[in-house]
S.K.: 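Please see the structure below; I have some questions.
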Amino acid sequence: MNLLFFRKIDIVSNLTEKELLKRLTDTVGFERKRFSFNNPKPNKQYLGNIEGKKFKIYRNAKGRNSFIPVIQGNIVDKFTTRNIMIKMRPHWGVILFLLWILCFVVYYLLKLNDWKGLVLFVLICGMTIFFFNIECNKSIKDLKQILGIHLE
């Protein structure tokens with residue numbers, strides 16, 4: 001298990017750049033507008049944007065799931081293969097929430113000189129890392145399947 005909130009991976013494919021981009025565009029729907037009431041939910045597996053060789057996507061989940069990673073990728077041409085360089089991170093709302101909790105715990109520690117708040121912070125960070133890694137592994141497996149990479 002990765003003990004960080006961020007993950008980098010490289011996926012190597014023998015497909016051409018056009019084939020990779022076609023497979024991505026077939027499974028990625030457009031992002032919904034944030035404050036719209038008549039915004040239909042796309043039935044695609046992922047939502048996000050693809051611009052040239054770069055993409056920024058996240059999994060289209062039923063319900064709410066704060067642990068789904070935001071996936072930023074870039075397709076790099078090598079001689080006979082293509083490298084898909086992927087960076088995964090939590091949503092900015094999750095990061096800001098953890099920073100807010102950290103500030104609250106530090107204030108609690110300094111004001112009352114009590115270490116009980118630190119246990120709460122470690123527990124919340126541990127749960128976030130655990131569930132974020134579970135969602136990262138699901139997304140990696142999905143992306144390998146979408147991009148035609150054989151799973152080991």
S.K.: Are F104 and V106 connected into the same hydrophobic cluster when the rule is that any two of I, L, V, M, F, W, Y join if their side-chain heavy atoms are below 4.5 Å apart?
M.R.: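 In one cluster: no.
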S.K.: Rounded to the nearest 0.5 Å, how far does CG of L102 lie from SG of C125?
M.R.: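 It comes to 7.5 Å.
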S.K.: First locate atom CD of Q72, then atom CD1 of I86, and finally report the distance between them rounded to the nearest 0.5 Å.
M.R.: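 It comes to 11.0 Å.
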S.K.: Looking at side-chain heavy atoms only, is the closest gap between I57 and L143 below 4.5 Å?
M.R.: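 I57 reaches L143 side chain to side chain.
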S.K.: For a quick test of reading the model, state the closest non-hydrogen atom pair linking P69 to F132 and the distance between them.
M.R.: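 The pair with the smallest heavy-atom distance is CB-CE1, 3.5 Å.
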S.K.: Look at the side-chain heavy atoms of Ile, Leu, Val, Met, Phe, Trp and Tyr, link any pair under 4.5 Å apart, and say whether V105 and L110 land in one connected group.
M.R.: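 Looking at the clustering, L110 is in the same group as V105.
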S.K.: Flag yes if I95 and I129 sit in one hydrophobic cluster, no otherwise; membership is Ile, Leu, Val, Met, Phe, Trp, Tyr, and two members link when side-chain heavy atoms are under 4.5 Å apart.
M.R.: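 Same cluster.
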S.K.: Do the non-hydrogen side-chain atoms of Y58 and N65 ever get within less than 4.5 Å of each other?
M.R.: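 No; the side chains remain at least 4.5 Å from each other.
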S.K.: Quick check: closest heavy atoms across R23 and Q145, and the distance to 0.1 Å?
M.R.: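 Closest approach of R23 to Q145, heavy atoms only: NH1-O, 4.5 Å.
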S.K.: Can you find a pair of side-chain heavy atoms, one from R89 and one from V70, that are under 4.5 Å apart?
M.R.: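 Side chain of R89 against side chain of V70, heavy atoms only: contact under 4.5 Å found.
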S.K.: Which pair of heavy atoms, one from V94 and one from S66, lies closest together, and at what distance?
M.R.: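 Here V94 and S66 meet closest at CG2-O, 3.2 Å.
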S.K.: Quick one, K22 and L15 - any side-chain contact, counting heavy atoms below 4.5 Å?
M.R.: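 Result no, sub-4.5 Å side-chain heavy-atom pair not found.
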S.K.: Looking at every non-hydrogen atom in both residues, tell me the closest pair between K44 and D26 and how far apart they are.
M.R.: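 Closest pair (atom of K44, atom of D26, distance): NZ-O, 3.1 Å.
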S.K.: If you define the side chain from C-beta out and look only at heavy atoms, does anything of V12 sit under 4.5 Å from K78?
M.R.: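 Of all side-chain heavy-atom pairs linking K78 with V12, none is under 4.5 Å.
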S.K.: L20 and L147: which non-hydrogen atoms are nearest, and at how many Å?
M.R.: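 Looking at all heavy atoms of both residues, the closest pair is CD2-CD2, 3.8 Å.
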S.K.: To the nearest 0.5 Å, how far apart are NZ in K8 and NZ in K87?
M.R.: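 Rounded to the nearest 0.5 Å, the NZ-NZ separation comes out at 4.5 Å.
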S.K.: Taking the side chain as C-beta and beyond, is there a heavy-atom pair between N74 and K53 under 4.5 Å?
M.R.: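 Sidechains of K53 and N74: in contact.
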S.K.: Does one hydrophobic cluster hold both W92 and F6, with members joined at side-chain heavy-atom distances below 4.5 Å?
M.R.: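 Cluster IDs for W92 and F6 match.
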S.K.: To the nearest 0.5 Å, what is the distance between OG1 on T81 and CZ on F79?
M.R.: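 Interatomic distance, T81 OG1 to F79 CZ, rounded to 0.5 Å: 10.0 Å.
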S.K.: How long is the straight-line distance from SG of C136 back to CE of M88, given to the nearest 0.5 Å?
M.R.: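 Nearest 0.5 Å value for the CE-SG distance: 5.0 Å.
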S.K.: If you compare all heavy atoms of A61 against all heavy atoms of I68, which two are closest, and at what distance to 0.1 Å?
M.R.: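 Heavy-atom minimum between the residues: CB-CD1, 3.3 Å.
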S.K.: Going from OG1 on T27 to CD1 on I50, what distance comes out if it is rounded to the nearest 0.5 angstrom?
M.R.: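 Result: 7.0 Å between the selected atoms.
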S.K.: Using a 4.5 Å cut-off on heavy atoms from C-beta on, say whether the side chain of F55 contacts that of I71.
M.R.: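 Answer yes - side chains close enough.
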S.K.: Between Y107 and I124, is there shared hydrophobic-cluster membership here, with clusters defined by ILVMFWY side-chain heavy atoms closer than 4.5 Å?
M.R.: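 No; I124 is not reachable from Y107 via cluster members.
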S.K.: Is the closest side-chain heavy-atom distance between T128 and F97 below 4.5 Å?
M.R.: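 Of all side-chain heavy-atom pairs linking F97 with T128, none is under 4.5 Å.
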